[in-house]
Number of protein chains: 2
Amino acid sequence: MTERIEISTQQIVERVWLSIAERRLRPGVQLKEEQLASIFDVSRARVRQALVALERDGLVTIIPNRGAFVCQPSVDDAKDVFHVRRCVERRVVERLCEANSKADLTRLRNHVAKERLANEKDMTTDIIKLSGGFHLLLAEIVGSDFLFGTMRDLIARTSLITAVYRNNNRFNCGPDEHAEIVEAIAKGDAEKAIRLMEHHLEHVESELDLNEIRRPSNDLRAALAF
Amino acid sequence: MTERIEISTQQIVERVWLSIAERRLRPGVQLKEEQLASIFDVSRARVRQALVALERDGLVTIIPNRGAFVCQPSVDDAKDVFHVRRCVERRVVERLCEANSKADLTRLRNHVAKERLANEKDMTTDIIKLSGGFHLLLAEIVGSDFLFGTMRDLIARTSLITAVYRNNNRFNCGPDEHAEIVEAIAKGDAEKAIRLMEHHLEHVESELDLNEIRRPSNDLRAALAF
DNA sequence: ACCCATATAATTGTCTACAATAATGCTCTC
DNA sequence: GAGAGCATTATTGTAGACAATTATATGGGT
């Protein structure tokens, strides 16, 4: 007797997010409501909620009376996102160094440990979830709803950008750099922690192809232009 | 024969936003769906959409199965918002100096002129809309959906913060400082434009009561604590 | 008099049926 | 055969009815 378990809006968001991050969903494809509803076996209303949440996170664009499409972030968008991330994460680390408890540090270290494990076993899905989760955890510990929400947004957007613009197949945002940041925070060395964070973000950005070179795209006009 | 004109979701958002900015809606009050639906004479479904939009902009908090309440931003929240604003607006101005057309400058100057007019005639509602609108216009001209959306969010939050923490009755964000910024952009003097913008934001922030002094609040527990 | 359980009312959450809109393919005309 | 207009189909948008949840009021027990 297996009870029919219903999937929540949040779970739909996460599944779509992961599909985009893992490049199974390409930019430009339309996410039709009924299609998703049947895939997840939920009502169309719930799918709609998930879609507006995904739009808020910058993963899809909703065109009125047309539908929802996976976003195609431009190179400039990517640079803007990283610019804002540097500022926001700098602030997060700053505030985290001011006040952090032993329990918080334990949570951070445990998280990094999980990341290491996922990396060793090459579990792609977990690696994606955890590497974003680390940055989110930092914001969560700070305790500011605003910073947390902003980070959520930025990480979602970064996932999309990474999916579109990363050249090699290795996933960035490795656990080692995270570990260093945690230890700097543990020592209360704000200056060092901030420096490490900025370096980390620059490293992530540097692994992307953000040159203006034309890339394969679903945009017919762009693809067929000479 | 007046046709019954229906109010859109976006208009509901704006009306609520202005009510909050003008202090007619105090932090903590509940926005009941049916109540709003009858006020605006629309379906409850549309009100719900407006509420999730307001939540995204950080103006209301939605507690599941409880309802939507006007947010009560903390002093730390306020500081975080201004911190992020400084970074984002810096970026906006930076990009605007790189490339701006004659038409864009005209739009900016016209906007500032409207601000002046509203200030002279002491039209509170217009002053609020236009002073936020100036910053939004900058982001719009840059042409980045990401920066535009982020600014939208930040301005909405700033409105709430200003409503809660401003001490005098004068509305900040005056048109003179805006005008100076526009002229710096017109000259393509990025450095000066950025400096003026940062000064402007600091000025706005400085007119707020962001000391840790306890303030009157709707939170009974906090108000009655000794 | 106070506390807890229960019943009632108020409020939010969800689903389904229907309406509006936009894209597609067809036909008729030139 | 090409193109415009029209009909069809696919898809999204909206509203209203019902379900689930939470807050409030009531009454009985201690």
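Here is the naming used below: chain letters follow the sequence lines, and residue numbers restart at 1 for every chain.
For the pair B/Leu51 CG and C/dT11 C1', the computed distance is 13 Å after rounding to whole Å. Straight-line distance from the CD atom of B/Glu33 to the P atom of D/dT22: 15 Å, rounded to whole Å. Residue A/Glu34 contributes atom CD, which lies 12 Å from atom C1' of C/dT16 at whole-angstrom precision. The interatomic distance linking B/Arg44 (CZ) with C/dG13 (C1') rounds to 8 Å, in whole Å. Taking atom CD1 of residue B/Ile62 and atom P of nucleotide C/dT14, one finds them 12 Å apart after rounding to whole Å. Distance, A/Asp41 CG to C/dC15 C1': 14 Å, rounded to whole Å. Separating the CG atom of B/Leu36 from the P atom of D/dA15 is a distance of 15 Å, rounded to the nearest angstrom. Protein atom CZ of B/Arg48 is 7 Å distant from nucleotide atom P of C/dT14, rounded to whole Å.
Shortest non-hydrogen contact noted between B/Leu59 and B/Ala156 is CD2-O, 3.3 Å.
A salt bridge between B/Arg85 and B/Glu205 is absent, with no side-chain N of the basic residue lying under 4.0 Å from a carboxylate O of the acidic one. Under a 4.0 Å N-O distance rule, the pair A/Arg157/A/Asp77 does not qualify as a salt bridge.
At a threshold of 4.0 angstrom between heavy atoms, the contacts of A/Arg46 are confined to the sugar-phosphate backbone, with no base atom among them.
Here the side chain of B/Asn65 is nearest to one of C/dC15, C/dG13, D/dG13, namely C/dG13. Nearest nucleotide to the side chain of B/Gln30, out of C/dA17, C/dC15, C/dT12: C/dT12. Picking from D/dT14, C/dT12, C/dC15 the nucleotide with the shortest atom distance to the side chain of B/Lys32 gives C/dT12.
Contact annotation: B/Arg66 side-chain N/O to C/dT11 OP1/OP2 distance is not under 4.0 Å.
Residues B/His135 and B/His178 bring their aromatic ring centres within 6.0 Å.
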